[in-house]
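Accompanying notes for the structure given below.
Predicted, not measured: the structure shown is a model, and the values here were computed from it. Remember, it's 1-based here, ligands and their atoms both numbered in the order they're listed.
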Amino acid sequence: MAELDLDISSHRNPLIRRIRGLARRDSREAEGVILVEGLRAVISAIEGNHPIETIVYAPDRLRSPLAQSTLTQAEKQGAKLITTSAEILDALSERDASQGAIAIMPRPQATLANIPQKGTPLLVVLYEPQDPGNVGTIARTSDSAGATALVVFGSRGVDVFDPRAIRASMGSLFSLPVIEAGNSPNILTSIQKQGIKLVATSDKGDSNIWDIPLRLPTAIIMGNERAGLPAEILSACDYIARIPLIGKADSLNVASAAAIFIFEAVRQRYTSD
Ligand code: SAM
C-alpha cells in the first residue's frame with residue numbers, strides 16, 4: 001500500500017499521541033483501557049471474547065492469512081481498523097521493531113462473583129507483585145494448569161496489564177479471568193466464604209508443600225518479590241506452605257515458586273494416591 005493510502009502518516013496524529021500516552025499506567029487507568037501489542041496477543045484477546053476498541057496496524061507487516069483473518073474477525077466484533085506505517089508503529093513499540101499491530105482494549109474486569117463455576121476452584125493470588133514479567137509468567141503458568149482465575153491485590157503492585165506483563169503472558173492474561181482487587185482487605189475473606197482454602201506461600205512456612213491438601217478448592221497466595229507476605233495475611237490463611245530448599249539459596253523467584261505450587265495442585269488433582 002502506498003504511504004498516501006494509509007489512514008495515519010504522521011507521528012503527531014492524535015490517535016498516535018493517545019497510544020504514546022497510554023504507555024503510562026496513569027493514562028491507561030484514567031481511560032479504563034489497556035494496550036495490546038502484536039498479532040498473537042490480539043488473537044488471544046479475540047479468542048477470550050474481549051472487545052477491542054481500535055487496532056492500528058501496518059499493512060505491509062500483516063500480510064499472512066492468519067493476520068488477515070484476525071483483522072476481519074476483530075472488525076466483525078466492532079474493532080475500528082486504522083492503517084499506518086511500520087515506521088510509526090516501530091516508534092510506538094516497546095520493542096525495537098513492532099509486530100505490526102497495536103490494539104486499544106477496554107480493561108478486562110472479572111470479579112469473584114463471575115468466575116467460572118466448573119471443576120474444583122484453583123485461584124492464584126498475587127500480593128503486590130512488582131515485576132510485570134513475573135505477573136505475565138505466572139498468568140501463563142496458571143492458564144496452562146487450567147486455573148480458575150488470577151487475583152491480584154494490595155496497594156503497591158505493578159499494573160497487571162502492563163504491556164510487559166501481557167507480552168510475558170503470551171496471551172494468557174486474556175485466557176483466564178483476572179480479578180483486580182486493589183487494596184480491598186476483604187478479598188481473602190470473600191474467597192474463604194466461597195469455601196476455598198487459603199494457602200499462603202513462604203520459604204519460612206510451617207508445612208511442606210506436599211503435605212497441603214491441594215485437591216480441595218484452593219487459593220495459592222504468592223508474596224511480593226522482596227517482602228513476601230505480611231504477617232496479617234499469613235495469619236489469615238489456612239496454611240502456610242513452603243517448598244523445602246536444600247541448597248544455599250534462601251528463597252525462590254516468585255514465578256518459579258508459583259509454578260511449583262500450581263503444578264503440585266495439578267499433580268494432586270490428577271493422581272489418585
Ligand atoms: N524474603 C521474602 C520472604 O520473607 O518471603 C522472600 C520473598 S520471595 C523472593 C517471593 C515469594 O515467592 C514469596 O512471598 C513466596 O510467595 C514465594 N516463595 C519463594 N520461595 C519460596 C519457598 N521456598 N517456599 C514457598 N514460597 C516461596
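- Considering backbone and side-chain atoms together, Thr201 places an N or O closer than 3.5 Å to an N or O of ligand 1.
- At a 4.0 Å heavy-atom cut-off, ligand 1 does not touch Pro244 at all.
- The part of Leu245 lying near ligand 1 is the side chain, judged by heavy-atom distances below 4.0 Å.
- Checked options Ile191, Val199, Leu150; the residue passing with Leu123 is Ile191 (criterion: side-chain contact (heavy atoms from CB on, under 4.5 Å)).
- Contacts between Lys204 and ligand 1, counted as non-hydrogen atom pairs separated by less than 4.0 Å, involve the side chain only.
- Of all the listed residues (Asp203, Ile260, Asn224), Asp203 holds the heavy atom that lies closest to atom 22 (C) of ligand 1.
- Of the polar atoms of Gly223, at least one N or O is found under 3.5 Å from an N or O of ligand 1, judged by distance alone.
- Residue Ile243 places at least one N or O, backbone or side chain, under 3.5 Å from an N or O of ligand 1.
- Proximity to Met222 (heavy-atom distance under 4.0 Å) selects the following atoms of ligand 1: 16 (O), 17 (C).
- Near Ser202, with a cut-off below 4.0 Å to any heavy atom, the atoms of ligand 1 are 24 (N), 25 (C), 26 (N).
- Taking a cut-off of under 4.0 Å to the non-hydrogen atoms of Ser251, the atoms of ligand 1 that pass are 9 (C), 20 (N).
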Inset, instruction - Just do the side-chain contact (heavy atoms from CB on, under 4.5 Å) check on Arg156 and Asn224 with the steps written out, would you? - result: CA-CA 10 Å; Arg156 285 173 307 162; Asn224 168 270; over 6 Å; no

Inset, instruction - Show the numbers, then the answer: is there a side-chain contact (heavy atoms from CB on, under 4.5 Å) between Ile102 and Leu35? - result: CA-CA 7 Å; Ile102 293 187; Leu35 274 187; 3.9 Å; yes

